[in-house]
Amino acid sequence: PVPGRPACPRRRASRRAAPAPPFRPLIGAMPLYEEKLISPLAVRFTQEHIKTLFRDRHVVEDTANQIEARPGAGDYDIILHAPFPTIEIIRWSAPGMRDSDRHWFTLDNRRLYCLQRAAAKHWPKRVAAVVEILYADPGAVRRKYDSTTFGCTTTVSHSCKEVALFRWDWRNEVANAKFVAPQAVPEDDQKAWEVVLTDDQKASTDALADVPGTIASDEEDSLVARAYEALRLAEEAGQNAAGGQKAAPLATASGPSTAAPSDEDEDSDGHASSSLGDRSPRSEGRRGSAAALVPSPAPAPAAAARRR
């Protein structure tokens, strides 16, 4: 500052340290995902092709064979236990569909292929897999979506630049199962179809089955409801700390619960990166939390090694 001249008020204000958010302890550890059960045959792909390898060089077919079948619960005879993290799904209407024509989609395409192959192998058993629900998407799904079959099928190839080895369609796979196991009772086959169609038509998270061993929450005590309630309390706390001054409203959860690259994000294939997609074995760092809804000066913890 010039001697004898008062410092610029704007400059003085910029030098003031920003007060620490008084509400961070309220929502720091609140998750913004929810695990549910769904038939993997009721989930759709978002991309036209998948590769034969994960990014960590694990073979997709070998990984599918490593999936275990464990005792089911409720309407399901089997619950799949996979050697990779649970896939994330979102209720979405693909381009070319009516907005009311929504289905369950995922960007974890290779992992979905593994789950569908395992489920088809156990047909006509009613098979479920644990999934994580995405409540909103900032546009990643639409940017990545390039399916020509509305996500019903996908092709498998070494690279998008090579000819596809085959097209995967679980419907053809279970149709062939009738010739492999002709003793299967038609009634059992009908029950398996009913489970798939019912899961596909479930339009909300609450309609999906709960994971065994977890406590079902009602609407007022759901994870999302508690997250928004914590945000409301945080805003009020910020207003009180400001001495009655109105605080800026906090952003609501508009994005997915994790921020990992998609299973098709590889430079060799030129796919755009996304905030959703295939990840490595589960770690605490991959789960979203309500703390991500407010700015934090501290850098995010390093992610664990990922299966890509």
Side-chain angles (χ1 to χ4, degrees), residues 30-46 67-93 102-116 118-119 122 125-137 140-141 151 170 191-228 253-260 263 275-279 281-284 286-290:
M30 183 170 294
L32 291 180
Y33 69 92
E34 190 168 359
E35 289 187 336
K36 289 288 185 175
L37 286 179
I38 191 173
S39 170
L41 305 180
V43 182
R44 302 194 179 199
F45 299 95
T46 50
I67 297 178
E68 302 176 2
R70 296 187 175 180
D75 294 333
Y76 304 105
D77 302 313
I78 293 174
I79 296 178
L80 300 177
H81 180 73
F84 46 73
T86 56
I87 65 173
E88 294 179 336
I89 66 174
I90 188 170
R91 193 72 177 174
W92 188 63
S93 178
R102 293 175 175 266
H103 301 275
W104 295 107
F105 285 86
T106 184
L107 281 175
D108 303 324
N109 292 282
R110 281 176 286 198
R111 283 183 278 161
L112 175 60
Y113 166 78
C114 293
L115 294 173
Q116 286 193 354
H122 294 290
K125 297 290 186 181
R126 299 168 299 177
V127 180
V130 180
V131 298
E132 291 182 3
I133 310 299
L134 299 179
Y135 297 104
D137 170 55
V141 178
W170 66 264
K191 290 180 179 179
W193 278 106
E194 289 176 355
V195 165
V196 175
L197 295 177
T198 300
D199 283 354
D200 176 60
Q201 295 171 359
K202 291 178 179 177
S204 66
T205 302
D206 292 337
L208 296 175
D210 292 300
V211 179
T214 61
I215 301 177
S217 301
D218 57 24
E219 182 178 357
E220 295 181 355
D221 195 35
S222 68
L223 294 174
V224 177
R226 285 189 291 162
Y228 282 119
S254 60
S257 62
T258 62
D263 64 359
S275 62
L276 308 175
D278 254 342
R279 280 161 299 278
R282 179 186 302 279
S283 66
E284 290 299 324
R286 70 176 290 277
R287 292 185 170 181
S289 67

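Quick caveat, the model's predicted, so the values are computed rather than measured. The basis for the numbers below is simple: all heavy atoms, side chains too, and nothing from hydrogens, waters or symmetry mates.
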I would like to know whether V131 and W104 meet side chain to side chain contact (heavy atoms under 4.5 Å, CB included); could you show each step before the answer? CA-CA 11 Å; V131 298; W104 295 107; over 6 Å; no

Evaluation steps, side chain to side chain contact (heavy atoms under 4.5 Å, CB included), between L37 and D210: CA-CA 6 Å; L37 286 179; D210 292 300; over 6 Å; no

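D77 places no side-chain N or O within donor-acceptor distance of the main-chain N or O of G72, the cut-off being under 3.5 Å. In this structure, D200 contributes its side chain and T198 its backbone to no donor-acceptor pair below 3.5 Å. Not one N or O on the side chain of R126 forms a donor-acceptor pair closer than 3.5 Å with the backbone of K191. Although no hydrogens or angles enter the test, the distance criterion places no donor-acceptor pair under 3.5 Å between the side chain of E34 and the main chain of I133. Side-chain atoms of D199 never come within 3.5 Å of backbone atoms of A42 as a donor-acceptor pair (strictly under, hydrogens ignored). Proximity of a side-chain donor or acceptor of T106 to a complementary backbone N or O of E88 within less than 3.5 Å is detected.
Between I38 and Y76, the closest heavy-atom pair is CA-OH, 3.9 Å. For the residue pair F105 and W92, the shortest heavy atom distance occurs at CE1-O, 3.4 Å.
In this structure, CZ in R111 is found 7.5 Å from CD1 in I87, a value given to the nearest 0.5 Å. Distance check, rounded to the nearest 0.5 Å: CZ of F84 to CG of L115 gives 4.0 Å. In this structure, CD on Q201 lies 9.0 Å from NE2 on H103, to the nearest 0.5 angstrom. Taking CD1 of I89 as the start and CG of L107 as the end, the distance is 12.0 Å to the nearest 0.5 Å.
Partners of E68 according to the side-chain hydrogen bond (donor to acceptor under 3.5 Å, both in side chains) rule, which considers only residues two or more places apart in sequence or in another chain, are R70. Judged as a side-chain hydrogen bond (donor to acceptor under 3.5 Å, both in side chains), and not counting sequence neighbours, K125 has no contacts. Partners of F45 by ring-ring contact (aromatic ring centres under 6.0 Å, His included), not counting sequence neighbours: none found.
Within a 6.0 Å radius of CG in D75, no more than 12 heavy atoms belonging to other residues, nucleotides or ligands are found.
The aromatic rings of W193 and W170 sit tilted, their planes meeting at an angle between 30° and 60°.
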